[in-house]
Amino acid sequence: MLIINFYVKERLWNIPLTTSELSARKQSIARHFSQASQYDKHAYIQQQVCQHLLMAIDNTHQDSVLEVGAGTGQLTQLLAKYVQSERWSINELCEQQATHLQELLPQAQILIGDAETMDLGGEHSLVISANAIQWFDNPLHFIAQSALTAKT
């Protein structure tokens, strides 16, 4: 199952690198999110997106969950509470979030880097992303590739 939300032209569509290896644009994104200590207090729309995604999951028992672009862990917290999985992989561009994400879901493998260019660990029964895909250079390619590798 592939559940991804991303924004394109203000419409909602449902559909390990080091920082020095990231493009300049993605380095800027990572830098901004590394300073986002107050982000969750003001991210009302992002919280609604996470709730919407959670309701779209038709099977709360998964073999392997991959969350792409976890950020501050809004969706991670919900997944940890409502979804059971044998294997968890949490991807985030900003390495400063790694410790926080690991605390939210201690059994997860934290994958820091650009999800578009790194190996995200093979097949997953659930690939999910709330508010990250709109930052990708080629979001439709990423979605297509994720759908090909998703367990059915």
Side-chain angles (χ1 to χ4, degrees), residues 1-15 22 25-26 28-116 118 120-147 149-152:
M1 172 183 272
L2 178 66
I3 303 176
I4 296 178
N5 278 352
F6 71 100
Y7 290 91
V8 177
K9 296 182 182 176
E10 299 182 42
R11 288 184 55 197
L12 178 64
W13 297 85
N14 289 317
I15 322 243
L22 297 174
R25 187 178 73 80
K26 289 194 179 176
S28 175
I29 292 166
R31 192 171 37 259
H32 282 88
F33 279 100
S34 72
Q35 302 165 0
S37 62
Q38 302 296 311
Y39 179 82
D40 288 340
K41 291 182 181 180
H42 306 286
Y44 304 113
I45 292 172
Q46 291 81 353
Q47 291 167 7
Q48 291 176 350
V49 167
C50 292
Q51 289 290 335
H52 175 76
L53 285 173
L54 190 65
M55 291 186 299
I57 298 172
D58 59 1
N59 183 0
T60 58
H61 298 284
Q62 298 290 328
D63 295 328
S64 177
V65 174
L66 168 63
E67 181 185 1
V68 177
T72 60
Q74 290 179 339
L75 182 59
T76 309
Q77 291 177 58
L78 293 172
L79 291 171
K81 188 172 182 179
Y82 294 106
V83 175
Q84 296 175 358
S85 181
E86 295 177 23
R87 187 169 69 106
W88 292 89
S89 298
I90 308 294
N91 162 258
E92 174 49 27
L93 180 66
C94 178
E95 64 186 318
Q96 288 83 351
Q97 297 293 347
T99 302
H100 175 65
L101 293 170
Q102 194 72 71
E103 290 169 354
L104 293 176
L105 198 56
Q107 68 271 34
Q109 176 186 17
I110 307 299
L111 305 169
I112 299 298
D114 184 350
E116 282 189 280
M118 67 186 291
L120 295 171
E123 292 185 347
H124 301 280
S125 55
L126 175 63
V127 177
I128 190 164
S129 181
N131 299 297
I133 305 301
Q134 72 268 16
W135 299 106
F136 282 19
D137 293 328
N138 193 344
L140 295 178
H141 176 76
F142 179 81
I143 291 168
Q145 289 302 113
S146 295
T149 62
K151 285 184 180 180
T152 54

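In this structure a side-chain-to-backbone donor-acceptor pair under 3.5 Å is present from Glu92 to Gly71. Looking at Glu116, its side chain does come within 3.5 Å of a backbone N or O of Asn138 through a donor-acceptor pair.
We find the CD-CG distance between Gln77 and Leu101 to be 9.5 Å, quoted to the nearest 0.5 Å. Rounding to the nearest 0.5 angstrom, the gap separating the OG atom in Ser146 from the NE2 atom in His141 is 9.0 Å. Between the CD1 atom of Ile90 and the OG1 atom of Thr76 there is a distance of 4.5 Å, given to the nearest 0.5 Å. The distance from atom CD1 of Ile57 to atom CG of Leu79, rounded to the nearest 0.5 Å, is 5.5 Å. Rounding to the nearest 0.5 Å places CG of Asn59 at 10.0 Å from OG of Ser85. In this structure, CG on Leu126 lies 11.5 Å from OG on Ser89, to the nearest 0.5 angstrom.
By the side chain to side chain contact (heavy atoms under 4.5 Å, CB included) test, Gln51 pairs with Leu78, sequence neighbours left out. By the side chain to side chain contact (heavy atoms under 4.5 Å, CB included) test, Ser64 pairs with Arg87, His124, sequence neighbours left out. For the side chain to side chain donor-acceptor pair (under 3.5 Å) test, no residue two or more places apart in sequence or in another chain qualifies with Gln145.
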Passes side chain to side chain contact (heavy atoms under 4.5 Å, CB included), Leu93 versus Trp135? Steps please. CA-CA 11 Å; Leu93 180 66; Trp135 299 106; over 6 Å; no
Mind running side chain to side chain contact (heavy atoms under 4.5 Å, CB included) on Met118 and Asn91 for me, showing each step along the way? CA-CA 10 Å; Met118 67 186 291; Asn91 162 258; 3.6 Å; yes
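When all heavy atoms are compared, the tightest approach of Cys94 to Ile112 is O-CD1, 4.0 Å. Contact between Thr60 and Tyr82 at its shortest, heavy atoms only, is CB-O, 3.4 Å. Phe136 and Ala115 make their closest contact through CZ-CB, 3.7 Å (heavy atoms, listed as atom of the first residue, atom of the second, distance). Contact record, Ile110 with Gln102: CG1-OE1, 3.0 Å, taken as the closest heavy-atom pair. Contact detail for Leu75 and Ala130: the closest heavy-atom pair is CD2-CB, 3.9 Å.
Asn131 has its side chain within reach of Cys50: a pair of non-hydrogen atoms, C-beta onward, lies under 4.5 Å apart.
With Ser125 as reference, Gln62 is the one residue of Glu86, Gln62, His61 to meet the side-chain hydrogen bond (donor to acceptor under 3.5 Å, both in side chains) rule.
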